[in-house]
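Since the structure comes first, as structure tokens, the remarks are kept for the end.
Predicted model, so just to flag it, every value in this text is computed and none were measured.
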Number of protein chains: 2
Amino acid sequence: MEGKGKRVVTLRDVAQRAGVSTMTASKVMRGAGSISEKTQHNVRQAAHDLGYLPNSLAGSLSSRKSRMVAVIIPSIADVVFSEVLSGVNSVLRPCGFQTFIGESLFDPGIETDLLREMLSFRPAGLLLNGGMMRSLDAQSLLERRNCPVIRLWDGDHAEHDFSAGLSHEEAGRLVAEHLLERNMRRIAYVGAELNRDLCARRRHLALQSALRAKGIDLISMTSESMPRQAETGRVLTGNLMETHPQIEAIHFLNDAMALGGLSYLHEIGIRVPDRVSVVGFNGTSLANAVRTRLTTVDVPRMEIGSVAARALLQMLSGERVEGRWQAPLRVVQGNTTVMI
Amino acid sequence: MEGKGKRVVTLRDVAQRAGVSTMTASKVMRGAGSISEKTQHNVRQAAHDLGYLPNSLAGSLSSRKSRMVAVIIPSIADVVFSEVLSGVNSVLRPCGFQTFIGESLFDPGIETDLLREMLSFRPAGLLLNGGMMRSLDAQSLLERRNCPVIRLWDGDHAEHDFSAGLSHEEAGRLVAEHLLERNMRRIAYVGAELNRDLCARRRHLALQSALRAKGIDLISMTSESMPRQAETGRVLTGNLMETHPQIEAIHFLNDAMALGGLSYLHEIGIRVPDRVSVVGFNGTSLANAVRTRLTTVDVPRMEIGSVAARALLQMLSGERVEGRWQAPLRVVQGNTTVMI
DNA sequence: TAGGACGATGTTATCGATAACAACGATTGT
DNA sequence: ACAATCGTTGTTATCGATAACATCGTCCTA
């Protein structure tokens, strides 16, 4: 916002030019009330001539309605979340809703600030990515909310008004089953930032307890300080193989880390999946891009976003929506032949 | 926005409870004017007790100032743009600015709509990703803008108030030089969506003309209907190798497509870089994750975002900023030994 | 032909804050 | 001791729209 001298065109200017009252012009602009064809045309013409651009601040303030939806995700640069977001957008935008995106970086402080700032714009709805700690301030902000709140990504709990996501517990179990079926016994997990990402942690724990039920101890190699990227996967896999050279299978927090792990295993001459099985997570397009197609758990990310968005639209149109939607999960088998 | 019965707490309620006028409360809340310690404390206490949440719509409307910055990028799910965005956020958020993200999907219609909607919130600034067609409506919206406009990603032209990006022409030439130095003669380009992404197209053309200057005809295999992902890289590389089996080097639109290409070449038994050299683009972390480290052009994406954001902040604080910033580019050499 | 119903338009108050300036007591300098 | 100054606080108008209701012909029906 920066005054460039030339006063901005307001609805009043449009009305004057069209020779009607402001109210009439307002009705024409948002297609409300009943206005004669002729007047409508005049107003629209005037608006066009003057280059009128509505002021949503004023509009929303007055009507106490808005068409903006606030979304908070941990990271924009992580395909996993940005694809959920694309799903959200694909539903909301055609319906004339704006999405407003915030990036929490898994930091409860940032999340709280974002929440406060976004709510101060009185959004029509709020989509929150699940899976992180939440500050007390944030909780009380959410309690006092006056818009629907939908949780994304985390489908284990039915918090807020609705949740759309996957069951991370189921995901952990699924991987355990997959490995057990193939008679793996020496199993490891490689991940990062589990203290901040509660969803990933839940998958990890589910895997661990499913294995323990069969008398197997999961070996975990994780880092809290390194990012969840390929390079970290490489490094941690290195640590892992040094301390536990007999490992038969490794499950990674995500596909990117798994790729890093694959590249390390290749370097030291360990064949995948002959000697070591590798299982990623998310089913990103990466998994198919590498020569040794990665075994991974496919998560319908776009769909999670679109389901959440549709639920929000329903709530906004007065329908009663409750509970949660759990995304279907499946293990996608990678190469079984050696393709190193 | 949805009335839940309980009336929202306004500044007036806070003021009443603190026993001061609304104006005084307002000053306290935004740290303006000079207010006694005691009053400040009272007001803050009252605000806290009531759970007051400012209404930015009203605030911005009245002051004609806002702390929101609108950003439009082609795709959120594409790491390339989302990392630029992270750079923007890393600078703006600590300064109390909100970013407001729109996804144009390279569609001029959507971009125009987004522009209109975002400008209707009277943002403090506008960051626009360069490299796509722009509708006439969008152009006139931009002409009537009353906030600074900064162009991202495209550093070839100095449009708008400032540009921060890379020179795509330089990038194309850089790749040409790299290949020519290595005595490549049969060179191909694989890409997608060049009609919509003008930046990618410019790189392509620069490569083509640099080669032609040395008497080499660039062979291009592109698609307008497929997405710029690994799978498309695979498919197009397949087409390419069938029609031009003698190819010595392939440059891809981005790293993801290059990975797809690599995986295809591997499948049909073509060794990289022995028989065919592969050069990606962007220097994403992917490039290092694969066994045959990809040769690519490193682009400092985060930095582009942060430079743009800092320029915006300067403009907002009244400093005069002009021209453009061009990101340094360099070719990152991948494996030279065979690591298939 | 009176009395509604209805379509089209205008009037007034309000949304929740801030800008600009006025007011007022206390301090300060001469 | 009196005006000037300063720090603090309050008053009024305004930002640009919309909600709710009022108005005023016109057309229809009994």
Identify all side-chain donor-acceptor contacts of residues 69-83 of chain B below 3.5 Å with residues at least two apart in sequence or on another chain.
from: B:Ser75; atom 1: OG; to: B:Ala77; atom 2: N; distance (Å): 3.3
from: B:Ser75; atom 1: OG; to: B:Asp78; atom 2: N; distance (Å): 3.3
from: B:Asp78; atom 1: OD1; to: B:Val80; atom 2: N; distance (Å): 3.0
from: B:Ser82; atom 1: OG; to: B:Asp78; atom 2: O; distance (Å): 3.4
from: B:Ser82; atom 1: OG; to: B:Val79; atom 2: O; distance (Å): 3.2
from: B:Glu83; atom 1: OE1; to: B:Arg301; atom 2: NE; distance (Å): 3.0
from: B:Glu83; atom 1: OE1; to: B:Arg301; atom 2: NH2; distance (Å): 3.0

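- The side-chain hydrogen bond (donor to acceptor under 3.5 Å, both in side chains) check on B:Arg17 picks up B:Asp49, with sequence neighbours excluded.
- Residues satisfying the salt bridge (charged side-chain N to carboxylate O under 4.0 Å, His left out) test with B:Arg134, not counting sequence neighbours, are B:Glu111.
- Under the side chain to side chain contact (heavy atoms under 4.5 Å, CB included) criterion, A:Thr39 pairs with A:Val20, A:Thr24, A:Ile35, A:Ser36, A:Val43, not counting sequence neighbours.
- When the side-chain hydrogen bond (donor to acceptor under 3.5 Å, both in side chains) test is applied to B:Arg44, the partners found at least two apart in sequence or on another chain are B:Gln40.
- B:Asp113 meets the salt bridge (charged side-chain N to carboxylate O under 4.0 Å, His left out) test with no other residue; sequence neighbours excluded.
- End-to-end axis angle of the helix from C:dT1-D:dA30 to C:dT30-D:dA1, using five pairs per end and rounding to 10°, comes to 40°.
- Applying the ring pair (Phe, Tyr, Trp, His ring centres under 6.0 Å) definition to pairs two or more places apart or across chains, none involves residues 9-63 of chain A.
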A correct 5'-to-3' footprint of nucleotides 8-18 of chain D, with B, S and - meaning base, sugar-phosphate only and no protein heavy atom under 4.0 Å, is BBBB---BBBB
